[in-house]
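Step one of this worksheet: look at the structure below.
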2 protein chains.
Amino acid sequence: MAAGALTAEEILAATEGVLRRYGPAKATVVDVARALGVSHGSVYRHFPTKAALRAAVTRRWLDRNHAGLAELAAEDSPAPERLRRWLAALFEAKRRKALDDPELFATYTVLAGESDTVVGEHIDALLGEIALIIADGVAQGAFAPCDPQVTARAVLDATGRFHNPLYAAEWSAPEIDTAFGAVCSLVLAGLRATG
Amino acid sequence: MAAGALTAEEILAATEGVLRRYGPAKATVVDVARALGVSHGSVYRHFPTKAALRAAVTRRWLDRNHAGLAELAAEDSPAPERLRRWLAALFEAKRRKALDDPELFATYTVLAGESDTVVGEHIDALLGEIALIIADGVAQGAFAPCDPQVTARAVLDATGRFHNPLYAAEWSAPEIDTAFGAVCSLVLAGLRATG
DNA sequence: GGACTGACAGATATTGAAACCTGTCAGTCC
DNA sequence: GGACTGACAGGTTTCAATATCTGTCAGTCC
């Protein structure tokens, strides 16, 4: 559709559009090719399988939504408030996506469920950022000594209700902010004095 | 099938059998009636709708699995270790169900997803037990002062990965016990010194 | 008289044939 | 020669006809 040769980038953009229009169940590789004005064989020159194409779209989406969080984690500020803002930012980003366009969010939730690998890498990135903040906090003396890796996992697990898409339906409930605040406080208090 | 008049109890037992054999998608009221040797009209004398029948089966199952937990919560022992044992018992009960008979567990997970009310009551019961332990802990001086209701919710939320059926697939992973221990320790440390 | 039956209407699920999709590859075109 | 096409085999999805199910109720039976 664009200038000369077909690029992976163009295919990904077209695939996003097709997914948006038809949903994850009905979007086909033929639809993507049609949107680009090429044969579907051309798409297979750039992506080995439909699953790989969908995984690539998922990775793009995850990366885009994740922008900004890494910077926040690396900020030079007291670890406790930094962790709280980081968790709040993660929750807020996901919640906005889920509430602004529920269908698109559902589409990407399905896609994410298809490729463990992509999701696993995303989670590893999040864990790394939490571990960074925790290590800083221990160095600052704000958190009790601990294994940052293991504790980062505990923090991510404990806040699952506020980032795991499985819970998206609960994110519009009025008491969700209270619940988020309570879990955050509990986790931060726990970090201050881990047993 | 049994002695004289058809009882709700017999219908529930027969329904469990039918669900076990055919799964949640294919089990019908006609199947239940056939298993009991009666017409399906008789079943509707005891339960107004199929949904109500399924909700009753779900409640029974939840209650049965919950047996023992309430006693544990009411025990006369230090709150921190009591809470840890209570959480471990909850996790262990769910995990055993999920691993012993995955199909049956999946069946009941589907059923639970159908009736918010029944699940809500079950969660309220769990929250009450946690709140009881927390209130005891505050009275004992082991936990920092807090609103037991709100904090109970935070504890249940924070440990969601270890009791919410949505996570059942992860319960056979080797590192799950480490993760459980880490979250428990974090939560208990948080209760000791809530901010 | 009250527990139960069985036939019924409308809604939902099953089935099998036809349409479509995925992934491949020999061949076309610059 | 490398990007692209288009026809193809095998597998999956769709669609409409058919069968089954849910929930009701007038009537049967002890």
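Chain letters run A, B, ... following the sequence lines, proteins first and then strands; every chain starts at 1.
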[X] [atom1] - [N] [atom2] separation (whole Å):
{"X": "A:Glu10", "N": "D:dC4", "atom1": "CD", "atom2": "C1'", "value": "14 Å"}
{"X": "B:His46", "N": "C:dA3", "atom1": "NE2", "atom2": "P", "value": "8 Å"}
{"X": "B:Leu53", "N": "D:dT22", "atom1": "CG", "atom2": "C1'", "value": "12 Å"}
{"X": "A:Phe47", "N": "C:dT22", "atom1": "CZ", "atom2": "P", "value": "15 Å"}
{"X": "A:Arg45", "N": "D:dG2", "atom1": "CZ", "atom2": "C1'", "value": "8 Å"}
{"X": "B:Leu36", "N": "C:dT5", "atom1": "CG", "atom2": "C1'", "value": "15 Å"}
{"X": "A:Tyr22", "N": "C:dC21", "atom1": "OH", "atom2": "P", "value": "10 Å"}
{"X": "B:Lys26", "N": "D:dT22", "atom1": "NZ", "atom2": "P", "value": "14 Å"}

- prompt: Do A:Arg64 and A:Glu16 meet the salt-bridge criterion of a basic N to acidic O distance under 4.0 Å?
  reply: yes

If you only use heavy atoms from C-beta on, which nucleotide in [options] is closest to the side chain of [X]?
{"X": "B:Lys50", "options": "C:dT5, D:dT22, C:dG23", "answer": "D:dT22"}
{"X": "A:His40", "options": "D:dC4, C:dT22, C:dA3", "answer": "C:dT22"}
{"X": "A:Thr28", "options": "C:dT5, C:dC4, C:dC21", "answer": "C:dC21"}
{"X": "A:Ser42", "options": "C:dT22, D:dC4, C:dC4", "answer": "D:dC4"}
{"X": "B:Val30", "options": "D:dT5, D:dC4, D:dC21", "answer": "D:dC21"}
{"X": "B:Tyr44", "options": "D:dT24, D:dT14, C:dG23", "answer": "D:dT24"}
{"X": "B:Thr49", "options": "C:dC4, D:dG23, D:dC4", "answer": "D:dG23"}

### Task
Please figure out whether A:Asp31 or A:Gly41 has its closest DNA chain C nucleotide nearer the 5' end.
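Taking each residue's closest nucleotide, the earlier one in sequence belongs to A:Asp31.
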
Practice task
For D:dC21, give its Watson-Crick or G-U wobble partner with both distances under 3.5 Å, or none.
Solution key: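 WC or wobble partner is C:dG10.
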
Answer for the Watson-Crick or wobble partner of C:dG27, both distances under 3.5 Å, is D:dC4

Where does the angle between the aromatic ring planes of A:Tyr108 and A:Trp61 fall among parallel (under 30°), tilted (30 to 60°) and perpendicular (over 60°)?
-> parallel

- With ring-ring contact (aromatic ring centres under 6.0 Å, His included) as the test, would you mind laying out the steps for B:Tyr167 and B:Phe162 before giving the verdict? CA-CA 7 Å; B:Tyr167 289 99; B:Phe162 312 103; 8.1 Å; no

>> Hydrogens and angles aside, do A:Arg84 and A:Ser185 bring a side-chain donor and acceptor to less than 3.5 Å of each other?
In response: yes

Consider only side-chain N and O atoms of A:Thr178 and B:Arg153, and report whether a donor and an acceptor are under 3.5 Å apart. no

